[in-house]
Amino acid sequence: MEKMKAIVLHEPNNFTYTEIDRPVIGDYDVLCRVESVSICGTDPKIIHGHFPGFWPQHFPIVLGHEWSGVITEVGAKSGYFGWEEGDRVCGIANVGCGYCKNCLEGRFTLCLNYGNEKVHKMYGHITNGAYAEYIAANIKSIARIPDDMDFNTAAVMDTFSIALHVVMRSGLEPGDTVLVNGAGAQGWFAILAAKTMGAGKIICAGSGHRLRMAQKLGAIPLDYRSEDVAARTLELTGGLGAKRVIETTGSAKGIRNACVAAARGGCISCVGFPNEDVPIPVKRLVMDEIDFVGNRGNPNTLEKAISVAHYVMDEINMLITHEFPLAEYAKALEVFENRLDHSLKVIVKPQWLK
Ligand SMILES: [Zn+2]
Ligand SMILES: [Zn+2]
């Protein structure tokens, strides 16, 4: 059995950089040499045991799901679909069963066999992921990247494609005003997704250097700590409110602001969620016909994200602030989690380990 280096999570808050067997690929998989993995906000939560029995379902596990790399081996049937050794690719977490009603309708992040490891995969959550030299990835979870897209940019296409899904589900049309609630990864990428889709005025509520980054990306900044987000949004939109609200904070206050700041006939598209349910002003949503939609992952938006990324390539590169070798994962996680050194997206490089 060939070996590889990986970050193995043995139990909550206990991971090591160690050597494990290289994964064996299935017929519809490809083996990829992992070049870049972007740390996701969900990773530290999984590490700290915030989703017991759900993410992961068992230990040990290799986390990491925002990744890019190169195909080094093609599964017995993957070649039928055109995949070849040497292809540069990036991946997402979810692999639906492909057969249930939701999968057949393209809504594979809502797979009815979710979590059944015989037929469903979720890399870096339930199935072994990318914090390793190699990943065995199902061909349903990967996309080709253009020659001029570097691996770090490709690794964050997972994040970008989620934001794109959230913005698409808001019903954004060219010229629409947008309020992005929250200046974190989903907020920044939602700004970029809205820009590529032709948004009019984009307002972003956040704080500190993360809000300044939102401004650099093209949004009008609102500091939620010193300003009334809903009132200022109404002012900035001529009293109408934002036609599309992208809610990424998952906080009671953020959700409340979203409901007040949305325009009549508008839409609130949510990706953040609170641990406890929060009250929402249903009467307002009903009387003003405001849609309130939830979003799960990135169904069929990875290729779309890759296609539009070139319009915002400089902005995406501004969001990638740090790189570490995989061997220094603990340090990378610390920098990411504690936002040290103004870190935004932090990348680990499994091939730098030697
Ligand atoms: Zn992620
Ligand atoms: Zn399914």
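Indexing begins at 1, ligand by ligand and atom by atom, following the structure's order. We use all heavy atoms of the structure for the numbers below, so side chains are in, but hydrogens, waters and symmetry mates are not. Just so it is clear, the model here is predicted, and its values are computed rather than measured. Numbers here simply count residues along the sequence, with the first being 1.
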The Zn ion (ligand 2) reached by His120 (N, O or S, under 2.8 Å): no

Face-on cation placement of Arg88 at Phe151 ring, 6.0 Å and 45° thresholds: yes

Arg296 to Phe108, cation-pi by 6.0 Å centre distance and 45° axis angle: no

Aromatic ring pairing Phe189/Phe160, orientation class (parallel under 30°, perpendicular over 60°, tilted between): tilted

Heavy-atom donor-acceptor pair, Asp176 side chain to Ala199 backbone, under 3.5 Å: no

Apex the Zn ion (ligand 2); atoms Cys103 SG and Cys111 SG; angle rounded to 10 degrees: 110°

Angle at the Zn ion (ligand 1) (to 10°), with one arm to SG of Cys40 and the other to NE2 of His65: 100°

Glu66 near the Zn ion (ligand 1): N/O/S under 2.8 Å: yes

